[in-house]
**Q** 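My questions all concern the structure below.
In what follows, chains are A, B, ... by sequence order, proteins preceding strands, each numbered from 1.
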There are 2 protein chains.
Amino acid sequence: MSETERASAELGGSSRAMPRVSRGRQPLDQMRILREAIGFIDESGLHQLTMRRLGHRLGVEAMALYRYVPGREQLLDGVVEVLMDDLYRDTLRDQPPPQNWPDFLQHLAHGVRELAVRHPRIFPLVATRPPAAPWLRPPLRSLRWVESFLEGLQNYGFTPVASVAVYRAFATFLLGHLLLESSVGSDELAELAPSDDIAFVESNDLADYPLVTALADLLSEDAFSAEFEDALEELINRLAVLRE
Amino acid sequence: MSETERASAELGGSSRAMPRVSRGRQPLDQMRILREAIGFIDESGLHQLTMRRLGHRLGVEAMALYRYVPGREQLLDGVVEVLMDDLYRDTLRDQPPPQNWPDFLQHLAHGVRELAVRHPRIFPLVATRPPAAPWLRPPLRSLRWVESFLEGLQNYGFTPVASVAVYRAFATFLLGHLLLESSVGSDELAELAPSDDIAFVESNDLADYPLVTALADLLSEDAFSAEFEDALEELINRLAVLRE
DNA sequence: ACCTGAACACCGTTCAAGT
DNA sequence: ACCTGAACACCGTTCAAGT
């Protein structure tokens with residue numbers, strides 16, 4: 001409801017007045033700023049995002065952003081909130097509830113994974129920003145999402161105690177599996193100059209690590225997808241004992 | 001070996017010359033800078049660490065640091081490297097190998113957890129900085145550590161394929177369980193001004209979330225330790241099938 | 001050999017002023 | 001009502017200069 005208000009405010013208000021600014025610019029808007037920030041980070045990485053550059057991208061000086069956003073930190077919180085709200089819509093609000101609880105968890109897990117894969121440079125924010133409440137567990141950090149998640153579990157017959165345990169185990173699982181996958185997918189490695197790094201305490205000479213060298217091919221195999229599916233099934237099996 | 005060289009260089013060199021600088025300052029040193037940076041982050045948080053302030057803490061202008069460290073990013077990499085090397089010493093190099101592989105994994109898991117608990121503000125760096133090789137899996141991101149880990153597993157009878165699978169599952173487990181625990185312990189929430197945050201798309205009114213409200217006590221219970229131990233045992237059980 | 005001063009190109013943020 | 005210019009207090013980093 002409150003997001004609908006805000007979204008409509010974007011088009012409402014001075015419905016007829018054309019902007020006096022040079023190009024056909026609608027006035028600034030909180031949601032437009034957040035969406036633009038998401039696009040910016042997706043394209044250029046978090047490190048490149050500055051208030052000044054984001055303003056430029058919106059055709060405005062940086063100072064104008066402060067009318068709509070309290071500061072850079074809160075802007076990043078807002079970016080995370082928007083993506084979590086999209087996730088809520090896509091996986092919970094607008095979906096018919098699955099037939100059974102394993103399908104429910106499967107569906108949600110794949111939804112979160114898709115978020116991580118679609119926004120690999122933002123997912124680390126979702127995973128590591130301090131959440132609004134201390135008992136929220138990233139990446140499942142939206143109050144609305146958690147409310148809906150717990151409600152779903154109880155409908156499938158989980159007790160309150162069990163559903164909280166499921167929430168924790170599920171969030172921990174997703175964090176472990178997806179944070180790594182997303183940071184590999186984000187070329188965050190390439191964001192630093194390549195051979196700029198220096199060995200401080202540890203040799204970087206592979207000859208010093210014979211086993212690692214011998215297993216290089218095995219270690220380099222991309223196994224994220226299979227690991228995720230296997231571990232998800234194991235998790236679900238394990239959680240079954242919590243259900244009455 | 002190479003770290004011993006560096007460590008001795010700190011005391012060696014001009015063994016008699018007293019510094020001409022005002023206070024009794026030994027000349028700067030890469031390891032001293034890194035250790036001081038670790039202390040700084042532990043006390044004040046990553047956000048407070050600037051080259052200028054770190055220099056000040058070392059009794060020196062910021063520019064002097066660049067003789068020993070290529071830049072701020074590499075300084076942070078160095079911080080992570082030093083802690084991982086301490087971990088390697090404490091958990092692998094100077095330890096008699098445990099009797100069996102479950103004890104081996106238990107011992108290592110608790111070592112990594114202790115690192116996370118002792119340096120809650122640095123562990124997120126260990127968990128999220130781009131590793132030196134793309135197949136390294138934070139938080140188990142030291143080449144030396146991984147070499148030793150794989151060697152250990154093979155001595156307990158794991159095949160190469162199985163030991164790589166164990167490495168991956170183990171790292172994923174630790175990342176999921178410890179990143180969250182450390183960020184709760186780090187008061188990172190308090191690093192931001194308290195009521196400064198603003199709701200963008202989502203209501204922050206708890207009345208909108210009846211289930212969450214009803215389960216507030218359950219959700220707030222600190223269960224990290226028990227969860228970690230339980231999940232670790234389950235992981236070990238699950239990994240047993242990989243062994244010949 | 002080791003450190004500093006001055007400078008450069010940036011930041012985030014505030015606030016009076018413009019339209 | 002909405003945006004900008006100018007300013008403030010910072011950054012990381014380079015490099016010639018000091019001792």
**Q** Any side-chain donor-acceptor pair under 3.5 Å between A/Ser142 and B/Glu202?
**A** yes
**Q** Scan every strand shown for a Watson-Crick or G-U wobble partner of D/dA9, both distances under 3.5 Å, and answer none if you come up empty.
**A**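 D/dA9 is paired with nothing.
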**Q** Out of D/dC3, C/dT13, C/dC3, which nucleotide sits closest to the side chain of B/Arg67?
**A** C/dC3
**Q** Go ahead and name the base partner of C/dT4; Watson-Crick or wobble counts if both distances stay under 3.5 Å, otherwise write none.
**A**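 Looking at the geometry, C/dT4 pairs with D/dA16.
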**Q** I want to check one thing: is the phosphate of D/dG12, taken as OP1 and OP2, less than 4.0 Å away from some side-chain N or O of B/Arg72?
**A** yes
**Q** The side chain of A/Glu61 is closest to which nucleotide in this list: D/dG12, D/dG5, C/dT4?
**A** D/dG5
**Q** Within a radius of less than 6.0 Å around NE2 of B/His110, do more than 12 heavy atoms belonging to other residues, nucleotides or ligands occur?
**A**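 It does: B/His110 NE2 has more than 12 such atoms within range.
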**Q** By nearest atom, which of the nucleotides D/dC11, C/dA6, C/dC3 is closest to the B/Arg53 side chain?
**A**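 Selected nucleotide: D/dC11.
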**Q** Out of D/dC3, C/dC3, C/dG12, which nucleotide sits closest to the side chain of A/Thr50?
**A** C/dG12
**Q** Using the side-chain heavy atoms of B/Tyr68, tell me which of these nucleotides is nearest: C/dC3, D/dT13, D/dC3.
**A**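 Of C/dC3, D/dT13, D/dC3, C/dC3 is nearest to the side chain of B/Tyr68.
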**Q** Name the nucleic acid region contacted by A/Met63, choosing base, sugar-phosphate or nothing; use a 4.0 angstrom heavy-atom cut-off, strictly under.
**A** base
**Q** Looking at B/Arg52, I'd like to know whether one of its side-chain N or O atoms comes within less than 4.0 Å of OP1 or OP2 on D/dT13.
**A**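 For D/dT13, neither OP1 nor OP2 has a side-chain N or O of B/Arg52 closer than 4.0 Å.
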**Q** Select one nucleotide: of D/dT13, C/dG12, D/dC2, the one nearest the side-chain heavy atoms of A/Tyr66.
**A** C/dG12
**Q** Step through the shown structure and confirm whether more than 12 heavy atoms of other residues, nucleotides or ligands are within 6.0 Å of CZ on A/Arg53.
**A** yes
**Q** Is the shortest side-chain heavy-atom distance between A/Glu73 and B/His47 below 4.5 Å?
**A**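 Yes - at least one pair of side-chain heavy atoms lies under 4.5 Å apart.
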